[in-house]
Protein chains: 2
Amino acid sequence: MGVQNESFLSKRLESVCARLRAHGHRVTPQRLAIMEFVFSSAQHPTAQQIYEALQARFPTMSLATVYKTLHLLEELEEVAVLGVEAEGARYDGAQPVPHAHLVCERCGAVVDAHEPAQQQDCLALVKKRGWLLRHWRLELLGLCPSCQSAPAQGQEPSTRADVAHAGGDQPY
Amino acid sequence: MGVQNESFLSKRLESVCARLRAHGHRVTPQRLAIMEFVFSSAQHPTAQQIYEALQARFPTMSLATVYKTLHLLEELEEVAVLGVEAEGARYDGAQPVPHAHLVCERCGAVVDAHEPAQQQDCLALVKKRGWLLRHWRLELLGLCPSCQSAPAQGQEPSTRADVAHAGGDQPY
DNA sequence: CTACCTGCAAACAGTTTGCAATTGG
DNA sequence: CCAATTGCAAACTGTTTGCAGGTAG
């Protein structure tokens, strides 16, 4: 979260707002807040988490608005929906570039992993099958390094998966 | 769907029944039917579809029983749960080997794709991050060859379609 | 002004759970 | 026999929708 990212974020926001308007959609304070949160979050939040995070600023905002906004952004391909685990879909506000996700089954951390080699292989696979690729996602579920060294908890690792310590920030 | 698969299926059934008993579970007609259906289906059926398919043979069987049985099989790692599409989770009764699924966003077709090269890369990626892999899924969303050549339908191809997961198991 | 948007509540779909009756081993 | 299982219905959870009042452009 440096000055670098700040300007990155505002540029992105500006661009998406323009796209919204261009598509006949309005830019409301709620939408702006949701976009800001999702675009700048490295943690792939759920709709519920976005909602809760913005409660302070928008006490009257409803979950429905969060969902509606996320769908809008999804349509514009400005966010991607991660696989639906038991607890609900998670939204990736990163640039819409296909990439793998490392998901910790214990703490719920989600780490992005842009691996060129990985992408190459997927493309080869798809081409071979004559598939017309539109989206893709790879999720690797397991335990992150810190959860591995942590003493096993009473419950099974995968039982709850609450986001305790979020995924690291390093690109990789 | 040849004689080959027939014997393959019965061997698998026998083995899983043995495992069920070994774990203190019972082998009921309902469970047997569900297993038979899931293990022999190449189409990654949803719980609902399994339920409907067995209605003829077991008119009184409830959806809850289907779910309970699927959970049991999941526990024993005899089926993998594919991602939750809008319409519900899909179950993969194939051997629990991680593999990619090609999902058609228009017709919903799900094609398995066991590609060694793909697996190699995933492992490399995981090792590099120090992740302890427990499951993984690769989702390639797009249009299958036949849907590409078919005339575009009234609705957008991407209207609803979303997730498709491949659940893997072995702890590499 | 006038679509478009918000927030609320009610509707939904898939999945899970509690429990009495049933049944496999 | 008796614990495990079934089937039913009701509860739950995440998501979607309808609509009246509010608001961006």
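In what follows, chains carry the letters A, B, and so on, assigned in the order in which the sequence lines appear, proteins first and then strands, with residues in each chain numbered from 1.
Taking 4.5 Å as the limit, every side-chain heavy atom of A:His23 sits out of range of all side-chain heavy atoms of A:Glu75. In this structure, the side chains of A:Thr69 and A:Gln30 stay at 4.5 Å or more apart for every pair of heavy atoms. Counting heavy atoms from C-beta outward, A:Lys11 and A:Phe8 have side chains that stay 4.5 Å or more apart.
Distance B:Gln49 CD to C:dA13 C1': 15 Å, rounded to the nearest Å. At whole-Å resolution of the value, NE2 in B:His71 and C1' in D:dA4 are 17 Å apart. One atom, CD1 of B:Ile50, and another, P of C:dG14, lie 14 Å apart when rounded to the nearest Å. If you measure from atom CG of A:Leu32 to atom P of C:dC5, you get 14 Å, rounded to the nearest angstrom. Whole-Å rounding puts the A:Gln55 CD to C:dT6 C1' distance at 14 Å. Going from atom CG of B:Leu20 over to atom P of D:dA3 covers 20 Å, rounded to whole Å. Rounded to an integer number of Å, the gap from B:Tyr51 OH to C:dT16 C1' is 16 Å.
The distance from the NZ atom of B:Lys68 to the CG atom of B:Leu72 is 11.5 Å, given to the nearest 0.5 Å.
Heavy-atom nearest nucleotides on DNA chain D were determined for A:Leu63 and for A:Arg21, and the one closer to the 5' end corresponds to A:Leu63.
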Heavy-atom protein contacts under 4.0 Å, nucleotides 5-12 of chain D, coded B base, S sugar-phosphate only, - none:
SBBB----

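Applying the salt bridge (Lys or Arg N to Asp or Glu O under 4.0 Å) criterion to A:Arg19, with sequence neighbours excluded, gives A:Glu78.
Taking both residues in full, the closest heavy atoms of A:Leu70 and A:Val79 are given as O-CG2, 3.9 Å, listed atom of the first, atom of the second, then distance.
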